[in-house]
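Report on one structure; see the data block that follows.
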Amino acid sequence: MIRPPTRFTCALVNSQPVGDKYVQLTLEMITPPELQFEAGQYVSLKVAERGDRRSYSIANIPSVGHAFELLVDVTPQGLGSTYLQNLKVGERVEGLGPLGMFTLADDEPARVMVATGSGVAPFRSMALHLLQTQGSTAPLTLYWGVRHVEDLCYVEEFEQLSMAFPHFQFHPVISQPISGWTLCRGRVTDCLATHAFDDSAGYYLCGNAGMITAVVSFLQEKGLRREQVHFEKFY
Ligand SMILES: Cc1cc2nc3c(=O)[nH]c(=O)nc-3n(C[C@H](O)[C@H](O)[C@H](O)COP(=O)(O)OP(=O)(O)OC[C@H]3O[C@@H](n4cnc5c(N)ncnc54)[C@H](O)[C@@H]3O)c2cc1C
């Protein structure tokens, strides 16, 4: 059920850099004490005194409401990414949420998720929700494209999930791999094209506009119906 957004105040409780490209943040709710959201939704945070806002997808499982996690790409170095990169533990942030309609459709026989960069955030929430909360047995595949191996996070967790739930597959895709990288390299579209194509699946795309355009045309060429494709563009 999509809930109406509410204004909230939260405080930073943890900030963890991932390589020099991302920061993982955990924000504890203050008022109200819980944020109820659907996997895939985002929050809009006030990132400057004059009221500028930026949107960030919620990365954690929805069954945890007292706090939420974000994965922020710090490379734009604009208002939002600089503010969140420099936020100190204990500092308060005003927000509005949950927002967005990029949520899971019911009754899909399989799901394929394709992310670039911090676009993996809503998919972490969706995967945890499907596998751990719903006990979904529908095949679920996650392709995640980043530039360097050091840009990857959540890898241990995704690998543990794929061991516990063999119908979950995780494919990290590195565009500038170190020598010896044996998994997918190049663009996520290259990796997608090398695996068996499931024309019954729901496809979820999140990240930069270039990837979304490329994957949507790939899926159109495969004859997928429009309602099988869901996407969220970050910029
Ligand atoms: C629904 C939604 C959910 C989002 N979720 C996330 C999320 O989970 N994590 C996250 O990191 N971002 C997310 N974003 C992007 C985020 O809202 C900001 O756009 C981003 O943090 C840049 O804001 P800024 O103020 O730092 O840069 P701005 O001042 O807005 O832009 C600075 C410069 O960076 C370029 N730029 C803008 N955004 C990006 C980007 N994402 N990557 C590279 N260059 C960029 C701009 O073209 C500009 O030149 C989301 C966006 C939307 C619409």
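In each ligand, atom 1 is the first atom listed, and ligand 1 is the first ligand listed.
- Residues Met126 and Phe102 come closest through the heavy atom pair CE-O, 3.4 Å.
- Salt bridge Glu150/Lys21: absent, no basic N to carboxylate O contact under 4.0 Å.
- Between Phe218 and Phe197, the angle of the ring planes goes over 60°, which puts this pair in the perpendicular group of the 30/60° scheme.
- The aromatic rings of Phe158 and Tyr154 sit perpendicular, their planes meeting at an angle over 60°, well past the 30° parallel limit.
- Pocket lining of ligand 1, defined as residues with a non-hydrogen atom under 4.0 Å away: Tyr42, Arg54, Ser55, Tyr56, Ser57, Leu71, Val72, Asp73, Pro76, Gly78, Leu79, Gly80, Ser81, Ser118, Glu232, Lys233, Phe234, Tyr235.
- Phe168 pairs in a side chain to side chain contact (heavy atoms under 4.5 Å, CB included) with only one of the listed residues (Ser162, Pro139, Ser136), which is Ser162.
- Ring planes of Tyr143 and His195: perpendicular class, angle over 60° (limits at 30 and 60°).
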